Structure formats: structure tokens, C-alpha cells
Amino acid sequence: MIQITLPDGSKRTYEQEIMTPYEVAGDISRGLQKKTLAAKVNDQLVDLDYPIQEDASLSLITFDDEDGKEIFRHSSSHIMAQAVKNLFPGTKIAIGPAVKDGFYYDFDSEHVFTPEDLEKIEKEMNRIVKEDYGFTREELSRQEAIDLFKSLGEDYKVELIEDLPEDCTISVYRDGDFVDLCAGPHLPSTGHVKAFKLLSIAGAYWRGSSDNKMLQRIYGTSFTKKAELDAYLEMLEEAKKRDHRKLGQELELFTIMEEGPGFPFFLPKGTKLKNLLLEYWREIHEREDYIEIETPIILNKKLWETSGHWDHYRENMYTLKIDEDDFAIKPMNCPGAMMVYKNELHSYRDFPIRMAEIGRVHRHELSGALHGLMRVRAFTQDDAHIFMLPEQIKDEIKAVVLKIDEIYQQFGFTYKIEVSTRPEESMGADEDWEIAESSLKMALEELGKDFAINEGDGAFYGPKIDFQLEDCLGRTWQCGTIQLDFQLPQRFELTYAGSDNEKHRPIVIHTVAFGSIERFIGIITEHFAGAFPVWLAPVQVKILSLSDKHHQYSRDLYQRFRQAGIRVELDNRNEKIGYKIREAQLQKTPYMLIIGDKEIESESVGLRKRGEGDLGAVLAKDFEAMIRKEIAERSM
RNA sequence: GCCCAUAUAGCUCAGGCGGUAGAGUGCCACCUUGGUAAGGUGGAGGUCGGCGGUUCAAGUCCGCUUAUGGGCUCCA
């Protein structure tokens with residue numbers, strides 16, 4: 001007799017000696033049995049035919065669960081690998097996990113896969129799905145597993161097995177004539193994978209290391225229903241329309257030319273946007289008691305040796321010679337800020353000193369890493385360095401976290417926080433790193449902020465808190481960051497006079513809120529799909545006249561709004577009103593003012609609002625008051 | 001930097017087997033003076049990313065190169 005406890009706490013008892021999750025599902029309902037993909041027995045993920053031999057808790061996994069999706073996609077990747085091996089004999093398979101929204105498999109093949117191959121592979125996958133092969137699990141000893149994959153010529157699998165921990169159960173899954181090393185669980189059979197699509201081919205290093213061979217990775221996604229797949233593909237298409245590179249061109253924000261790879265040109269409207277962001281930023285930072293400085297773009301190599309950049313960051317720096325001396329274009333603003341600090345003597349009474357800089361930095365990013373405004377080789381950091389006493393660390397960090405939070409909330413962003421710890425290539429004493437890492441974590445904990453730990457991903461001079469924002473496709477980008485630094489104060493021999501009249505070493509944190517203004521513009525462009533809130537819109541109002549008779553009044557209005565500080569454009573072209581509206585609409589202009597006889601007569605404007613359409617006539621003075629209020633409040 | 005793909009008018013794209021380029025849109029001119037997402041006619045615009053090669057002849061085939069896209073690696 002077996003007693004099964006379900007997630008809702010209800011219990012079911014069975015006479016049999018052995019029950020499988022599949023049988024239990026069927027006992028609950030036929031529908032559930034059909035939907036169930038795998039199960040969790042006593043919190044362990046298992047196949048549906050897993051033999052339950054004693055009382056246990058059981059939860060049934062469907063595609064609606066994250067685990068279910070992962071199992072489904074993982075099985076999909078097996079089917080893809082099977083299809084590839086059938087079509088391209090001799091192909092070696094590496095790894096094929098489920099990822100967010102899909103799966104991939106890495107292959108080592110003489111044959112170079114083309115987009116046309118994807119269709120062939122899909123066809124073969126369809127055949128495998130139709131055959132409805134069962135996935136069967138088999139547990140092997142280490143030696144058996146190695147022998148098996150050696151005999152199949154699967155060198156990568158052999159390498160994986162050899163690296164598995166001693167006490168690990170080694171299992172393989174078979175479906176049809178295909179066998180793969182796999183912990184499982186899997187779908188009961190290939191027939192479940194009703195809807196899938198192969199999306200792209202990419203290179204990927206074996207084990208993610210650029211020292212290893214580059215394999216061919218095929219990405220795909222799969223769903224239980226065709227309609228879900230179609231909806232997903234549709235969503236991808238929609239996301240592409242929000243891509244900041246596309247919108248940046250359509251809205252004339254910026255452009256990147258062959259003459260400047262990674263060095264964006266900001267067009268008039270993009271420059272306006274950038275300046276508006278900085279205006280907002282300065283307002284916040286002045287309120288928070290920051291002072292602002294500006295340090296040189298080019299500084300002597302000696303400074304970079306002092307800062308450690310010459311040793312730790314050289315490959316990312318652009319260097320040049322001036323007369324006989326070596327110089328470097330700054331990749332970071334911190335050394336400049338250190339020099340400003342050293343320009344005068346400081347007392348503990350001065351602290352904290354919050355020193356900000358809108359600094360343009362240049363970094364040699366790998367050509368393949370460039371991506372619109374998101375990853376460039378020249379960008380503007382909204383940098384700040386805070387000099388303080390050890391006992392001020394936590395409060396300062398908390399204040400900075402709250403400041404960044406305030407700024408992100410202004411844009412309606414949700415974000416993720418990561419704490420990155422000491423990387424391999426780094427400088428400084430272990431105990432400094434420990435103190436630094438724990439102060440960051442404690443500050444976040446005291447604020448009740450959730451965060452993930454990113455082991456070994458810190459900067460070479462200290463650990464950091466990173467704020468991650470998402471783009472239109474859900475890819476995350478680091479924007480804000482708070483980095484503790486015990487190194488630079490030492491290297492630059494920063495001091496202050498303490499209450500004991502002795503010299504002491506200050507603590508420094510580096511922090512940015514936008515991170516890179518360029519990247520931030522990319523993020524907000526995608527976030528708002530180009531429809532910026534009024535306070536940020538490069539053009540807030542467009543005046544559209546109906547005909548010649550209305551030009552003079554339109555011009556008067558234009559002048560009036562301009563003088564009121566409203567960003568307004570006038571369209572007195574010889575075109576029909578529908579045409580002018582369409583164009584302003586495509587430019588995502590927040591407000592259009594239609595001007596005809598009616599409006600002139602009543603000193604009003606024919607108001608048309610983005611997203612809402614025609615709102616009828618409004619007195620010009622009322623509209624002006626309304627939009628001025630909206631701008632002043634930075635309404636979303 | 002690595003793998004794959006792509007590169008034709010300001011923009012979006014056509015150009016089976018090689019025979020010195022086409023559409024829509026935008027731009028300019030004229031007609032039209034029109035009330036909430038594209039009025040009509042005409043015109044100007046192209047070293048087909050760059051360099052080299054094959055050929056009587058290259059946008060088209062080959063090699064190299066630059067940039068872009070998707071990834072890997074790396075990072076704001």
C-alpha cells in the first residue's frame with residue numbers, strides 16, 4: 001500500500017506495491033494525465049514512469065510549470081540532436097540544454113550548417129515526433145558510460161562523463177536509435193513535441209572558453225501547441241519593432257556609421273533626449289548633495305600605472321603618444337576623480353564627499369560585442385565617487401541604492417540586483433574584499449532588496465552591486481552599479497586628517513545610475529517603444545495647419561509655446577491634414593494641435609493626443625497650462 | 001577576437017542561367033486649400049560597402065577586406 005501526498009495536502013492511497021506518477025495522474029483525471037510531462041517525487045524531478053515504492057509526496061509537472069517548460073525544451077533539444085545526427089552522420093554532439101524561451105544544442109560537424117539546413121532538420125524532427133519514440137532512462141556505471149560514448153565517437157560526452165563528480169549517478173536516455181548522456185527527466189515520448197521552430201545558428205566555444213574549439217550551436221524553441229508557438233513568434237516580431245536601433249533611425253535619435261564602429265553619432269533629437277536625461281540627473285544629484293567635476297579625456301600613462309589600469313585594463317584602452325610621452329584615453333573616470341581629491345587636503349569633517357562627473361569614456365570592446373547603443377566603444381557615464389569614513393559605508397550605499405531606485409521608478413523600470421564578488425584577476429588583500437563584499441550585502445539586506453550573487457564577476461579593484469535592466473527581447477543589460485574600492489585610495493595615497501589629527505585612508509565607492517547614458521537611452525527607447533513621456537519627448541507638440549489661411553495663427557501659437565519652453569514643431573506644409581497627422585503619429589509625437597477656422601475663432605487648438613486620438617477643441621491657454629504641468633511633474 | 005549570415009537610391013526592398021540597374025517611400029517642382037493615419041502629375045537621386053581576380057563582359061562568379069545582424073567570449 002502506498003500513500004501519495006499531493007501539493008494541496010490531499011492524500012491518496014493505492015493498493016499496489018508500485019505506482020508511477022503517470023498512473024496517479026490518470027487516477028486524478030484523464031485530462032491531467034494527458035497534460036502531465038514529468039513529476040516531482042519528494043521534491044526530486046523524475047520521469048512519469050518513475051516507480052514510487054513507498055509513501056511519498058508527488059507533484060505533477062505540466063508545461064505551465066517552469067520545470068515543465070524546461071523538461072519539454074530539453075527533450076526538444078534531444079530530438080534536434082537526433083535529427084542532426086541522422087542527416088549529418090559523423091556530427092559530434094556536445095551539450096544541449098533548455099534555456100529561457102527555448103533550447104539549443106552544440107554540434108561539432110565537418111558540415112557547416114546553413115539556414116536551409118534548419119528546414120531539413122525541422123523536417124527530420126517532425127518525422128521523429130511522428131514516430132513517437134519513448135524516452136527511456138538507463139543508469140550506467142562510469143566505465144560503461146565512457147565505453148558507450150567512446151564506441152559512438154562522442155568525444156565531448158566522454159569528456160563530460162570524466163568530469164562528473166565521483167558519487168554522481170550516470171544516466172543516459174534513449175529514444176529510437178538515439179542515445180544521449182542526460183540526468184533527465186524527459187517527456188514520456190517524442191510525440192509530445194507538437195510545435196517547434198529552429199531559430200538561428202551561432203558559434204559557441206566548447207565549455208564557453210575562447211581557448212577551446214568553436215562549435216556550431218542551433219537555437220530553437222518548442223511548445224505543446226502550435227498556437228503558443230505562433231504567439232511566441234509573433235511576440236518576437238513585435239519586439240523587433242521596438243528595437244532601439246530601428247527606432248533610433250526612424251525617430252532620428254542617433255546613427256552609427258562605418259567610419260565609427262561603436263562610436264555613435266547623436267542626431268539633434270537624440271542629443272535633446274540625452275540632455276533631458278542629464279538635466280533630470282543633475283536635479284537629483286544636486287538635491288542629494290553631490291558636487292560635479294570634469295576631468296580630462298586623455299591622461300598620462302603614469303596615472304594609469306598608479307591606478308592599476310595599465311596592468312589590469314590595458315587591452316581595453318586606447319593609447320597614444322604626445323611628444324615623447326605615452327598617454328591613454330580614459331576608459332574610466334575614477335583616476336581623474338582621485339586627482340581632484342588630492343588637489344587639496346581633507347578633514348574627516350568634509351565627509352562624505354560626493355563627487356560626480358558626466359564623463360565620456362572610451363573602451364576598446366571586441367568588434368563582435370558591439371550592439372547599437374547598448375554596447376559601444378565610447379560612452380558617457382553618469383559617474384560619481386564618494387569619499388568617506390569606514391563607518392559611513394553602509395549608509396552611503398543605502399542612500400545610493402535608494403537614489404538609483406528612485407531614478408528607475410521614474411521610468412517605470414523593474415530591475416534585478418546582483419552582487420558580484422572577487423574575480424580571479426584582481427588586486428588587494430583578502431580581508432579588504434571580505435569587508436567590502438559584506439558591506440554591500442548588508443546594505444541591500446537592510447533595505448529589504450532581493451539580490452543574486454554573481455561569483456567572481458566583480459571589478460578588479462572591488463566587489464559591486466549591479467542593477468540589470470531588460471531590453472525588448474528580455475536580454476538584460478547592466479546599467480546602474482555601486483562598487484566599493486579599497487584599492488584606489490591606497491594606490492593614490494589618499495588621506496584625510498582624522499579627529500586624532502593623524503592621517504587616515506578614506507573609503508571610496510564608484511557609482512553610476514544610468515550607467516552609460518547611451519545604453520540607458522537604448523533601454524528607454526525599447527521600454528517606451530519610442531513613445532517617450534512628454535517630459536522626455538524630443539518634440540512634445542506638433543502644430544498642424546489645415547490650409548494657408550491658418551498659417552499665421554499657427555505661427556503665433558508656435559512662438560507662444562516656444563517661449564513657454566515647450567518643444568514644438570510647426571507643420572505648415574502644403575499637405576492634407578490626414579497626411580500631416582500620419583507623419584506626426586509615426587514620429588510618436590505626444591500632442592498634435594490641428595489648426596483651422598474653428599480654432600482661430602475661439603483661440604483654441606484641435607487637440608489630438610498620442611494613444612487617445614482626437615480630443616476636440618481646447619483653449620490654447622488651457623492646453624499650455626496642462627502640458628506645462630505635465631512636463632514639470634515629469635508625468636508618465 | 002571567434003562562428004555563421006548579410007551589404008543595391010536618404011529609407012524599405014526587387015534584380016532565375018554574368019550582357020554596364022528597378023519599385024515603393026522620402027526629396028524637389030507644379031496642380032490641389034483639403035477637418036483627424038498616405039490627393040494628383042512631373043522631376044532629380046545609385047562609384048550596386050571597399051580592394052583585387054576570373055571573363056570579350058561582373059550588382060551577379062572567386063579571393064581578401066570593412067561594417068552590420070544573430071550568437072560565443074568579454075563588459076557600462
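In the text below, chain A, chain B and the rest are named by the order of the sequence lines, each starting its count at 1. Please read all numbers here as calculations on a predicted model, not as lab measurements.
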- Would you classify Ser367(A) as touching base, sugar-phosphate or nothing, given that sugar-phosphate means primed atoms plus P, OP1 and OP2, and contacts are heavy atoms under 4.0 Å? base
- Both distances under 3.5 Å, Watson-Crick or G-U wobble: report the partner of C11(B), or none. G24(B)
- Report which part of the nucleic acid Gly372(A) touches: base, sugar-phosphate, or nothing (heavy-atom distance under 4.0 Å, all strands). sugar-phosphate
- Could you state the CG-C1' distance from Asp382(A) to A76(B), rounded to the nearest angstrom? 10 Å
- Item | Sequence-distant partners of Val400(A), side chain to side chain contact (heavy atoms under 4.5 Å, CB included), two or more places apart | Tyr290(A), Ile386(A), Lys403(A), Ile404(A), Ile482(A), Ile509(A), Thr511(A)
- Message: Under a 3.5 Å cut-off for both contacts, is C30(B) paired Watson-Crick or G-U wobble with anything, and if yes, with which nucleotide?
- Response: G40(B)
All N/O pairs under 3.5 Å across the protein-nucleotides 9-14 of chain B interface:
unit_1: C11(B); atom_1: O3'; unit_2: Gln249(A); atom_2: OE1; d: 3.4

- How about Phe486(A) and Tyr461(A): are their ring centres within less than 6.0 Å of each other? no
- Flag as yes if Phe379(A) stacks onto the base of A76(B) (centroids under 5.5 Å, planes under 30°), otherwise no. yes
- Item | Flag side-chain contact, heavy atom, 4.5 Å: Pro335(A) against His309(A) | yes
- When syn is taken as a glycosidic angle within 90 degrees of 0, is G45(B) syn or anti? syn
- Query: If each of Leu607(A) and Leu373(A) is mapped to the nucleotide of RNA chain B with the nearest heavy atom, which maps nearer the 5' terminus, i.e. the 5' end?
  - Reply: Leu607(A)
- Message: Run the salt bridge (charged side-chain N to carboxylate O under 4.0 Å, His left out) test on Glu237(A) and Lys240(A) for me, step by step, so that the C-alpha distance in whole Å, both residues' side-chain angles and the decisive distance to 0.1 Å come before the verdict.
- Response: CA-CA 5 Å; Glu237(A) 287 306 309; Lys240(A) 277 187 197 152; 3.4 Å; yes
- For Asp466(A), which contact category applies under a 4.0 Å heavy-atom criterion: base, sugar-phosphate, or nothing? nothing
- Query: Measuring from Lys464(A):NZ to Thr421(A):OG1, what's the distance to the nearest 0.5 Å?
  - Reply: 10.5 Å
- Task: Can you label the angle between the Phe467(A) ring and the Tyr408(A) ring as parallel, tilted or perpendicular, going by 30° and 60°?
- Result: perpendicular
- Query: Restricting to pairs with a member in residues 598-617 of chain A, which pass ring pair (Phe, Tyr, Trp, His ring centres under 6.0 Å), not counting sequence neighbours?
  - Reply: none
- Whole Å only: how far is the CG atom of Leu586(A) from the C1' atom of U36(B)? 14 Å
- Query: For U68(B), which nucleotide in any strand shown is its Watson-Crick or wobble partner with both distances under 3.5 Å?
  - Reply: A5(B)
- Note on the structure: Taken to the nearest whole Å, CG/Leu544(A) to C1'/G34(B) is 13 Å
- Query: Any idea which of U33(B), G70(B), G35(B) is nearest the Ser200(A) side chain?
  - Reply: G70(B)
- Task: Classify the nucleic acid contact of Gly578(A) as base, sugar-phosphate or nothing, counting any heavy atom under 4.0 Å across all strands shown.
- Result: sugar-phosphate
- Query: Once the angle between the rings of Phe514(A) and Phe520(A) is folded into 0 to 90°, is it parallel (under 30°), tilted (30 to 60°) or perpendicular (over 60°)?
  - Reply: tilted
- Specify whether His362(A) and Phe263(A) have parallel, tilted or perpendicular ring planes, treating 30° as the upper limit for parallel and 60° as the lower limit for perpendicular. tilted
- Note on the structure: If pairing means Watson-Crick or G-U wobble with both distances under 3.5 Å, then the partner of C51(B) is G63(B)
- Message: By the 4.0 Å heavy-atom rule, please label Val376(A) as base, sugar-phosphate, or nothing.
- Response: base
- Atom CD of Glu234(A) with >12 non-hydrogen neighbours under 6.0 angstrom: no
- Considering only atom C1', compute the distance from U68(B) to G26(B) and round it to an integer number of Å. 23 Å
- Using a heavy-atom cut-off of under 4.0 Å over every strand shown, decide if Glu599(A) touches base, sugar-phosphate, or nothing. base
- Query: Picking from Phe528(A), Trp477(A), Phe411(A), what satisfies side chain to side chain contact (heavy atoms under 4.5 Å, CB included) with Ile523(A)?
  - Reply: Trp477(A)
- Going by the angle between their ring planes, with limits at 30° and 60°, are Phe266(A) and Phe254(A) parallel, tilted or perpendicular? tilted
- State which residues pass side chain to side chain contact (heavy atoms under 4.5 Å, CB included) with Thr476(A); sequence neighbours excluded, sorted by chain then number. Lys416(A), Gln468(A), Glu470(A)
- With a non-hydrogen cut-off below 4.0 angstrom, is Lys580(A) in contact with a base, only sugar-phosphate, or nothing? nothing
- Item | Whole-Å P distance, C56(B) and C64(B) | 24 Å
- Partner nucleotide of C56(B) by Watson-Crick or wobble geometry (both distances under 3.5 Å): G19(B)
- Query: If only side-chain N and O atoms of Arg475(A) are considered, is one of them under 4.0 Å from the OP1 or OP2 phosphate oxygen of G71(B)?
  - Reply: yes
- Result of checking Lys241(A), Lys246(A), Arg245(A) against Asp243(A) for salt bridge (charged side-chain N to carboxylate O under 4.0 Å, His left out): Arg245(A)
- Message: Any base atoms under 4.0 Å from Ile577(A), or only sugar-phosphate, or nothing? Heavy atoms, all strands.
- Response: sugar-phosphate
- Task: Find the distance Gln587(A):CD to G26(B):P and express it as a whole number of Å.
- Result: 13 Å
- Note on the structure: Rounded to whole Å, the CG-P distance (Asp548(A) to G34(B)) equals 10 Å
- Message: In whole Å, measure the gap between the C1' atoms of G52(B) and A14(B) for me.
- Response: 29 Å
- Query: Does His371(A) place a side-chain N or O at less than 4.0 Å from the phosphate oxygens OP1/OP2 of G70(B)?
  - Reply: yes
Nucleotides 43-50 of chain B: which of its N/O atoms have a protein N/O under 3.5 Å away?
none

- Task: Could you measure between the two P atoms, the one in C27(B) and the one in G10(B), and give it in whole Å?
- Result: 14 Å
- Nearest-Å distance once atom C1' is located in both G49(B) and G34(B): 44 Å
- Side-chain N or O of Tyr579(A) closer than 4.0 Å to phosphate OP1/OP2 of G26(B): yes
- Separation of G35(B) P from Met592(A) CE (nearest whole Å): 17 Å
- Which whole-number value in Å describes the distance from Met332(A) CE to A76(B) C1'? 9 Å
- Do Gln216(A) and Asp108(A) have a side chain donor and acceptor closer than 3.5 Å? no
- Nearest-angstrom distance from the residue atom CZ of Arg582(A) to P of U36(B): 16 Å
What are the atom names and distances for every N/O pair under 3.5 Å that joins the protein to nucleotides 72-75 of chain B?
unit_1: C72(B); atom_1: O4'; unit_2: Gly203(A); atom_2: O; d: 3.1
unit_1: C72(B); atom_1: O2'; unit_2: Tyr205(A); atom_2: N; d: 3.0
unit_1: C72(B); atom_1: N4; unit_2: Gly368(A); atom_2: O; d: 3.4
unit_1: C75(B); atom_1: O2; unit_2: Arg375(A); atom_2: NE; d: 3.2
unit_1: C75(B); atom_1: O2; unit_2: Arg375(A); atom_2: NH2; d: 2.5
unit_1: C75(B); atom_1: N3; unit_2: Arg375(A); atom_2: NH2; d: 2.7

- Note on the structure: Between Arg245(A) and Gln585(A), the residue closer to the 5' end of RNA chain B by nearest nucleotide is Gln585(A)
